[in-house]
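Quick notes on the structure that follows.
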Amino acid sequence: MTTVLSDTRIAASLAGVGKSFLVKGRQVDALRDVDLDIHEGEYIVIVGPSGCGKSTLIRCIAGLESPTTGSITLNGRTVYDAERHVDIKTNDRNLGMVFQNYALWPHMSVERNVAYPLRMRKIGKGERERRVASVLTALECEPLATRLPAELSGGQQQRIALARALVYEPEVLLLDEPLSALDALLRITLRTELLQLHRSLGFTALHITHDQEEALEMGDRVVLMREGHIEQMGPPAEVYRRPISPYAAHFLGVRNRLTVTRTARALQHAGKLIPGTGPLSDRVTDESSTLQLFVRARDTHVFHREAAPPTSDHQIDLEGVLSQVVLGEGGREQYVVDIDGHAWFAQHAEGSGLAEGQPIVVRVASDLALLYQGESLISI
């Protein structure tokens, strides 16, 4: 990942950006008071479920939508300001854009597709040919120059769409779910290729996706959106380790969850104390709030109840029944445990001979658990 320095120039800045629509006579706030600075050379990934506002945000930056409130600047130049009635047209914002379906002209060769933005900007033939050759070389696409889009694979089309967006040296490259149309294996391959291209070319990028793995792998910073506002923002490792709300934890793939209550000694669930949760219980400041305990499957171990070694104050134990053994990601077995009607997933089994229907102990290190009081993280 690129290291973003505090004195790096700001390539794009959003301040108080909001966007409202009228839908059947009702106002819908697609964006609400969004503040975001993107540093030069940074690769920002905006992630969230459908309807969270990420597509509206990128369209507002591109000038395809006009915000209702706030301002947008690109390299210090204001391209939108609601109060001052500034709204620079899309073609005058010097932005590159890669769409989900690539939007290549089917009747034009690769070379002509890539040259198209330069022709629209009335760049002379000699300079146009030089820039097209340069960007095709950088993306290792020179052998494809005379082909039509229909003769290219999905990965090749993605590269050509990227070349077309980079050829006129945009201030910011906007990528609208650029990998979602590809099959799973090609998506993973092209993530790596995109990052390598970013490192070698140094362009500034804003990439949107609904795939949390893609976001965590690719972003210098990850921006998680929720109902039109930014829920959490930070380096991928920080966002992964410390999702700040139950919404963030759930979206980032923390599957195991229990609603718990506090006692003077420990947390409890279904009237039973949970060993190892005393330190977590001590951190609860508002007993009227809903308390939710989240645990990642990758941090969860299962034992046959009779064979579980003694627990310690630094381990959380829960009892359940092994309900299913399934083949998980990467071909590894994953264990599904019924805990009072809640399905918990574990990636690690200790001992042998585990079978469906057996009584099970689920164990996780207490410093890997996430405890939320209402909407706030109070653990770790």
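Not measured: the values here are computed from a predicted model. One-based numbering along the sequence shown.
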TODO: With side-chain contact (heavy atoms from CB on, under 4.5 Å) as the test, would you mind laying out the steps for D211 and R191 before giving the verdict?
DONE: CA-CA 12 Å; D211 185 328; R191 284 181 204 166; 3.5 Å; yes

Open item on the list: Using side-chain heavy atoms (C-beta onward) and a distance below 4.5 Å, is L354 in contact with H304?
Closed with: yes

Open item on the list: For the OG1 atom of T300 and the CD atom of Q347, what is their distance to the nearest 0.5 Å?
Closed with: 8.0 Å

- [ ] Take the angle between the ring planes of W105 and H107 and call it parallel below 30°, perpendicular above 60°, tilted in between.
- [x] perpendicular

Open item on the list: Surrounding CD of E83 (heavy atoms of other residues, nucleotides or ligands, distance under 6.0 Å), is the total greater than 12?
Closed with: no

Open item on the list: Just so I know, are the side chains of I274 and L280 near enough to count as touching, which here means a heavy-atom distance under 4.5 Å?
Closed with: no

- [ ] Report whether V172 and L166 are members of the same hydrophobic cluster (ILVMFWY, side-chain heavy atoms less than 4.5 Å apart, transitive linking).
- [x] no

Open item on the list: Less than 6.0 angstrom from the centroid, inside 45 degrees of the normal: does R296 satisfy that with respect to the ring of Y240?
Closed with: yes

Task: Contact summary for A343 and V336, nearest pair of heavy atoms - done: CB-CG1, 4.1 Å

- [ ] Please check if atom CZ in R32 has more than 12 non-hydrogen atoms from other residues, nucleotides or ligands closer than 6.0 Å.
- [x] yes

Task: Over 12 foreign heavy atoms within 6.0 Å of CZ, R265 - done: no

- [ ] For V284 and L371, run side-chain contact (heavy atoms from CB on, under 4.5 Å): C-alpha distance rounded to whole Å, both residues' side-chain angles, the deciding distance at 0.1 Å, then the answer.
- [x] CA-CA 9 Å; V284 177; L371 181 65; 4.2 Å; yes

- [ ] Show the numbers, then the answer: is there a side-chain contact (heavy atoms from CB on, under 4.5 Å) between V302 and L322?
- [x] CA-CA 9 Å; V302 294; L322 184 62; 5.6 Å; no

TODO: Compare all side-chain heavy atoms of L31 with those of M225 and state whether any distance is below 4.5 angstrom.
DONE: yes

Task: Side-chain donor/acceptor of T69 to backbone N/O of G16, under 3.5 Å - done: yes

Open item on the list: Please tell me whether L194 and L104 are part of a single hydrophobic cluster in this structure, the criterion being side-chain heavy atoms less than 4.5 Å apart.
Closed with: yes

TODO: Give, for atom OG of S134 and atom CG of L139, the distance between the pair rounded to the nearest 0.5 Å.
DONE: 10.0 Å

- [ ] Could you pull out the closest heavy-atom pair between I61 and L95, with the gap in Å?
- [x] O-CD1, 3.2 Å

TODO: Please answer: with hydrophobic residues joined when any side-chain heavy atoms are less than 4.5 Å apart, are V110 and Y168 in the same cluster?
DONE: yes

- [ ] Test V223 against every option in I46, V47, I208 by the side-chain contact (heavy atoms from CB on, under 4.5 Å) rule and name the one that passes.
- [x] I46

Task: Distance (rounded to the nearest 0.5 Å) between R26 CZ and F21 CZ - done: 13.0 Å

Task: L175 with I38, same ILVMFWY side-chain cluster at under 4.5 Å - done: no

Open item on the list: Using every non-hydrogen atom in the two residues, find where D87 and S66 come nearest and quote the distance to one decimal.
Closed with: OD2-OG, 2.6 Å

TODO: State plainly whether the residues K54 and D176 are in salt-bridge range, i.e. N to O under 4.0 Å.
DONE: no

- [ ] Kindly say whether P117 contributes a backbone atom to a donor-acceptor pair with the side chain of R121 at under 3.5 angstrom?
- [x] yes

Open item on the list: Assess the residue pair R112 and R119 against the criterion (side-chain contact (heavy atoms from CB on, under 4.5 Å)); give the C-alpha distance rounded to whole Å, side-chain angles, the decisive distance to 0.1 Å, and a yes or no.
Closed with: CA-CA 9 Å; R112 291 181 62 206; R119 292 174 64 90; over 6 Å; no

- [ ] Looking only at non-hydrogen atoms, find the nearest pair between S180 and H210 and report the distance.
- [x] CB-CE1, 4.3 Å

Task: Reported CG-to-NE2 distance for the pair L179 and H207, which is rounded to 0.5 angstrom - done: 5.0 Å

Open item on the list: Closer than 4.0 angstrom, basic N to acidic O: yes or no for E238 and R242?
Closed with: no

TODO: Answer yes or no: does atom CZ of R77 have more than 12 heavy-atom neighbours from other residues, nucleotides or ligands under 6.0 Å?
DONE: yes

Open item on the list: Taking A349's backbone N and O only, do any of them form a donor-acceptor pair with Y335's side chain (distance below 3.5 Å, no angle check)?
Closed with: no

Task: Closest non-hydrogen atom pair, G374 against P246 - done: O-CG, 3.6 Å

Open item on the list: Is a donor from one side chain sitting under 3.5 angstrom from an acceptor on the other, for Q373 and T285?
Closed with: yes

- [ ] Check E231, E227, R226 against H229 for a side chain to side chain donor-acceptor pair (under 3.5 Å) and give me the one that passes.
- [x] E231

Open item on the list: Using only atom types and a distance under 3.5 Å, with no angle test, would you say the side chain of T73 pairs donor to acceptor with the backbone of T78?
Closed with: no

Task: Check: L318 and L258 side chains under 4.5 Å, non-hydrogen atoms - done: yes

Open item on the list: Using side-chain heavy atoms (C-beta onward) and a distance below 4.5 Å, is Q232 in contact with S245?
Closed with: no

Open item on the list: Within the 4.5 Å heavy-atom criterion, are Y372 and T290 side-chain neighbours or not?
Closed with: no

TODO: Might you work through the side-chain hydrogen bond (donor to acceptor under 3.5 Å, both in side chains) test for Q268 and T263, ending with a clear yes or no?
DONE: CA-CA 7 Å; Q268 69 174 7; T263 73; 5.5 Å; no

TODO: Output, in order, the C-alpha distance, side-chain angles, deciding distance and verdict of salt bridge (Lys or Arg N to Asp or Glu O under 4.0 Å) for R187 and E213.
DONE: CA-CA 11 Å; R187 269 202 311 273; E213 288 186 11; over 6 Å; no

Open item on the list: Please check: side-chain N/O of H348 versus main-chain N/O of R298, any donor-acceptor pairing under 3.5 Å?
Closed with: yes

Open item on the list: Between N75 and R9, is there a side-chain heavy-atom distance shorter than 4.5 Å?
Closed with: yes

Open item on the list: Please check: side-chain N/O of E127 versus main-chain N/O of G124, any donor-acceptor pairing under 3.5 Å?
Closed with: no

TODO: First locate atom CG of L148, then atom CD of E151, and finally report the distance between them rounded to the nearest 0.5 Å.
DONE: 5.0 Å

Open item on the list: I'd like to know if the side chain of R363 reaches the main chain of F303, judged simply by a donor and an acceptor atom lying under 3.5 Å from each other, with no hydrogens or angles considered.
Closed with: no

Task: Closest approach of L195 to M218 (non-hydrogen atoms, all atoms of both residues) - done: CD2-O, 3.3 Å

- [ ] Give the ring-plane orientation class for Y43 versus H198, where under 30° counts as parallel, over 60° as perpendicular and anything between as tilted.
- [x] perpendicular

TODO: Return yes if some donor-acceptor pair links the side-chain N/O of N113 with the main-chain N/O of M108 below 3.5 Å, else return no.
DONE: yes

TODO: State whether the side chain of D37 and the backbone N or O of S13 hold a donor-acceptor pair below 3.5 Å, judged by distance alone.
DONE: no

Task: CG on L36 to CG on L206, rounded to 0.5 Å - done: 7.0 Å

Open item on the list: Can you confirm if the NZ or CZ of R164 lies within 45° of the ring axis of Y116 and under 6.0 Å from the centre of its six-membered ring?
Closed with: no

Task: T90 side-chain N/O to G63 backbone N/O, donor-acceptor pair under 3.5 Å - done: yes

- [ ] Would you indicate whether the side-chain heavy atoms of L190 and E193 approach each other to under 4.5 Å?
- [x] yes

- [ ] Using the rule that two of Ile, Leu, Val, Met, Phe, Trp, Tyr join whenever any of their side-chain heavy atoms come within less than 4.5 Å, decide whether M233 and V222 are in one cluster.
- [x] no

